[in-house]
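Report on the structure given below.
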Protein chains: 4
Amino acid sequence: MFKGSLLEAMVAHASENKKPTDKQQKILESAIRIFAEKGYTNTSTSEIAKAAGVAEGTIFRKYGTKDNLLLSVIVPFLKDLFPAIAEGVFNEVMTKDILSFEDFLRAFLKNRIDFFNENKEIFQIVVKEMLYNTELRNEMLPFFLENVSPRIAKIINVFKERGELADFPTRTIQKMVFTFIGGYFVSNFVLLPENGTDSVDKEIENIIRFVMNGVGTGKKPH
Amino acid sequence: MFKGSLLEAMVAHASENKKPTDKQQKILESAIRIFAEKGYTNTSTSEIAKAAGVAEGTIFRKYGTKDNLLLSVIVPFLKDLFPAIAEGVFNEVMTKDILSFEDFLRAFLKNRIDFFNENKEIFQIVVKEMLYNTELRNEMLPFFLENVSPRIAKIINVFKERGELADFPTRTIQKMVFTFIGGYFVSNFVLLPENGTDSVDKEIENIIRFVMNGVGTGKKPH
Amino acid sequence: MFKGSLLEAMVAHASENKKPTDKQQKILESAIRIFAEKGYTNTSTSEIAKAAGVAEGTIFRKYGTKDNLLLSVIVPFLKDLFPAIAEGVFNEVMTKDILSFEDFLRAFLKNRIDFFNENKEIFQIVVKEMLYNTELRNEMLPFFLENVSPRIAKIINVFKERGELADFPTRTIQKMVFTFIGGYFVSNFVLLPENGTDSVDKEIENIIRFVMNGVGTGKKPH
Amino acid sequence: MFKGSLLEAMVAHASENKKPTDKQQKILESAIRIFAEKGYTNTSTSEIAKAAGVAEGTIFRKYGTKDNLLLSVIVPFLKDLFPAIAEGVFNEVMTKDILSFEDFLRAFLKNRIDFFNENKEIFQIVVKEMLYNTELRNEMLPFFLENVSPRIAKIINVFKERGELADFPTRTIQKMVFTFIGGYFVSNFVLLPENGTDSVDKEIENIIRFVMNGVGTGKKPH
DNA sequence: CATGAATGAGATTTCATTCAT
DNA sequence: GATGAATGAAATCTCATTCAT
């Protein structure tokens, strides 16, 4: 299952302009909801059709295959997710009076948390399939590493030179920060999505404090 | 799929002492390998049978259902994973001359990294299924939260009182540390399992440094 | 599939005089081309619609059913094919100074080869469907045997009486000659349609020579 | 449909030795009967299953795909059909005191008519699919032209040198004789299979007489 | 008139599970 | 105990046909 290129799908998707009909919208919504809950493989097209109130054939008329339905769900999301593609995010984040690494983190986290809150279910689908689906993982990971990773490295270097970040290897800093922020996103939006974060702003400050200073006091036991 | 209680399975498993026959061993090994690679749902019993060199019927003779085969794979792992169950880990970790939180972290990470390295594939299965399989997730999460979480909290409180950990709410510290360490385990053992960590000991020191001090220098931009 | 009478269709068709619209023409052309290549059953109406540049509904608005589209393709052809219906051929062939059986064969072959060359694709469709489609075969074969066969017999008898044809049973002569000429048409127009016959006239002479004299020399080995 | 090589299938088939079970035998028999009557595409696997008295899944357990079921039907037949592969036929036909071309024809026709009578339905399937299925045709035709055709040419040359065959180009003789004999087989075994040939031996003599001498008397009209 | 979205019956295929040998 | 043939329910997919716009 899932033969073929994610990239191709993303390019192909760009050229689709037609407005979806009511039923098509319903299909997408149902697919997103059920894929998010049970995972792609555990969801049958008949289940989606029933939930969307359409005939099963209608799904295949529009999307051709179940695989392609999945792509139709995640491709628009991925195009926004990877800042390297949707050129906007980093520019937006970096241009606005970013004076410190903390400011950058704050802007970045705000931006992505808002995005994931708006697309919580698709994010769940993507995370689940990235772990579950070998082919999809093999397409998405290099994509991320090649396009997003270098941009982050550049930003880290800027702040290292300003003396705001410790003099560890850039790769190490990046790995630590990403592991933590990635883990935060996954645990908050996928694993425990119902735990309403008390206050997003307060949560963001917690994250920043942890990333910058850790949880220690600097005191060693005597 | 996956009807029934994980707990029951764990209890039931405790009473099973019979050594697995040769064929059973082969079946388990093949199941673990293929489940880990492609996920439970994407793996057919006939594929496992072929890989194990047994007849398909043999799997069902031994394990009854495919679901039960999955349980037979993950239950022994879970019993070791949750220190609350296999009483050993924390005792072992805490008794040996633990003088500081860093020492505790070091011992804990070493212990779990060794365990996951030895059981990498089963860990992959558990993580994937925990995300993918609604029923399994709903059984495992409370289990974890009720049994493991309070013990961690106790330990954090000890070191907070000793002044080694910042005076944040225990829940916050726990969440941050667990999010990071969990993220680390998942990204190293599931997402990018082939990235051989240069040196485990060096990696552990990096983790400790990040958890304790973050990546900042304390300097603010003027 | 294909319920209903070929004859009815042929009669019904006689009364249709309306010129096909542009779209109808396009649909017919595409249907002929694709039916000829892949066979009726292996061709979907959506494929035809796409090739014709019309909406799928348009085909059904014009032709009602896919079966009827097939009939619309082959009925006009059949009306020309069976001389008993399109009264022209035999008259034309027989009246023009036909002095010998060879002359008759020559005129007949020229006439039909020209016709099949002009309608190669429809001939392919008819042959394929006659073999493939039980109902169509059961309608066409008796039709041929009742209407065409007796006329041929009559002609053969004429030339037998003139002493040009061997004194075999008329049925035998007819079967031999028809098997050969039918085989020739099928192998040249259906099986190997791209083999451009070097020269039609030369080919015709070869056929006549074979039909009249075979390939032997009359010498028996001693 | 029908992707993949006929040759591969023929080679693969050679290594299959296991005896078919009762149900498998029933499946093959039903498939042969219904494919022969209605053609491959017009036959559904559920129809075959019903006719064979098995569950539909049983067909796919053994044959994997409907395509492969077709191959399982025709491959053994083709291996006997092409004398170049089943080395026997020509040797058998040529060694037995063949004194004349007529003798050769007689032996050859007897041999093939017996074979087709025993495998009438599979022959029908092969002929129908060869016309209907582009892929299959493109695999079978070159196969025939390369392996069978040259052997026939050699035999024709032998008898041309002995003066038994007319001094026409070998290719022309071959084409005429094959068109006729092929047409004879198709019309007797596929098109009109119920027409019991009065007497095979008498029929063979008719064919030989036609091939050698045609239907003419040599007399030209004055 | 033409369109193309929608349908639903039916086709192929998969696969966990059973059971006679 | 082990086998693997057989099952049948359910999954994905196809496609001729209808019908509102």
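Because the structure is predicted, anything quoted here is derived from the model rather than measured. Below, chains carry the letters A, B, ... as their sequence lines are ordered, and counting in each starts from 1. Atom set for the values below is all heavy atoms of this structure, side chains included, hydrogens, waters and symmetry mates excluded.
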Can you name the atoms? Protein N/O to nucleotides 12-16 of chain E N/O, anything below 3.5 Å, with the distance.
| residue | atom | partner | partner atom | Å |
| --- | --- | --- | --- | --- |
| E/dT12 | OP1 | D/Lys66 | NZ | 2.8 |
| E/dT12 | OP2 | D/Thr45 | N | 2.6 |
| E/dT12 | OP2 | D/Thr45 | OG1 | 2.8 |
| E/dT13 | OP2 | D/Lys66 | N | 2.8 |
| E/dA16 | OP1 | B/Lys66 | NZ | 3.2 |
| E/dA16 | OP2 | B/Thr45 | N | 2.6 |
| E/dA16 | OP2 | B/Thr45 | OG1 | 2.5 |

Students should find that the nucleotides of DNA chain F closing off the region near chain A, any atom under 4.0 angstrom from a heavy atom, are F/dA11 to F/dT14

Notebook entry, point to check: Within the structure shown, what part of the strands sits under 4.0 Å from C/Lys50 by heavy-atom distance: base, sugar-phosphate, or nothing?
Noted result: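 No contact.
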
D/Glu47 atom CD is separated from E/dG10 atom P, nearest whole Å, by 13 Å

- Task: Evaluate the side chain to side chain contact (heavy atoms under 4.5 Å, CB included) criterion for residues D/Ser44 and D/Ile48: first the C-alpha distance (whole Å), next the side-chain angles of each, then the deciding distance (0.1 Å), finally the verdict.
- Result: CA-CA 7 Å; D/Ser44 75; D/Ile48 296 170; over 6 Å; no

Note to self: Test your reading of the model: is there a side-chain donor-acceptor pair from A/Glu129 to the backbone of A/Tyr40, 3.5 Å cut-off?
What the structure shows: yes

Do the side chain of D/Ser30 and the main chain of D/Ile27 share a donor and acceptor less than 3.5 angstrom apart?
no

Regarding A/Thr45 and A/Glu56, is there a side-chain donor-to-acceptor distance under 3.5 Å anywhere?
yes

* Asked: Is the closest side-chain heavy-atom distance between C/Tyr132 and D/Lys38 below 4.5 Å?
  ->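 Side chain of C/Tyr132 against side chain of D/Lys38, heavy atoms only: no contact under 4.5 Å found.
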
Gap separating the [atom1] atom of [X] from the [atom2] atom of [Y], nearest 0.5 angstrom:
X: C/Met140; Y: C/Met130; atom1: CE; atom2: CE; value: 5.0 Å
X: D/Phe35; Y: D/Thr41; atom1: CZ; atom2: OG1; value: 9.0 Å
X: B/Gln24; Y: B/Leu69; atom1: CD; atom2: CG; value: 10.5 Å
X: A/Ile74; Y: A/Lys79; atom1: CD1; atom2: NZ; value: 12.5 Å

| query | So does C/Lys23 get a side-chain nitrogen or oxygen closer than 4.0 Å to the phosphate oxygens (OP1/OP2) of E/dC1? | reply | no

Q) Looking at A/Phe60, does the NZ or CZ of A/Lys66 lie under 6.0 angstrom from its six-membered ring centre and within 45 degrees of the ring axis? A)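 No, A/Lys66 does not sit over the ring of A/Phe60.
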
So if I take the C1' atoms of five pairs at each end of the helix from E/dA2-F/dT21 to E/dT21-F/dA2 and get each local axis, what angle do the two axes make, rounded to 10 degrees?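 Rounded value for the end-axis angle: 0°.
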
When C/Ile59 and A/Asp22 are each assigned the nearest nucleotide of DNA chain E, the 5'-most assignment goes to C/Ile59

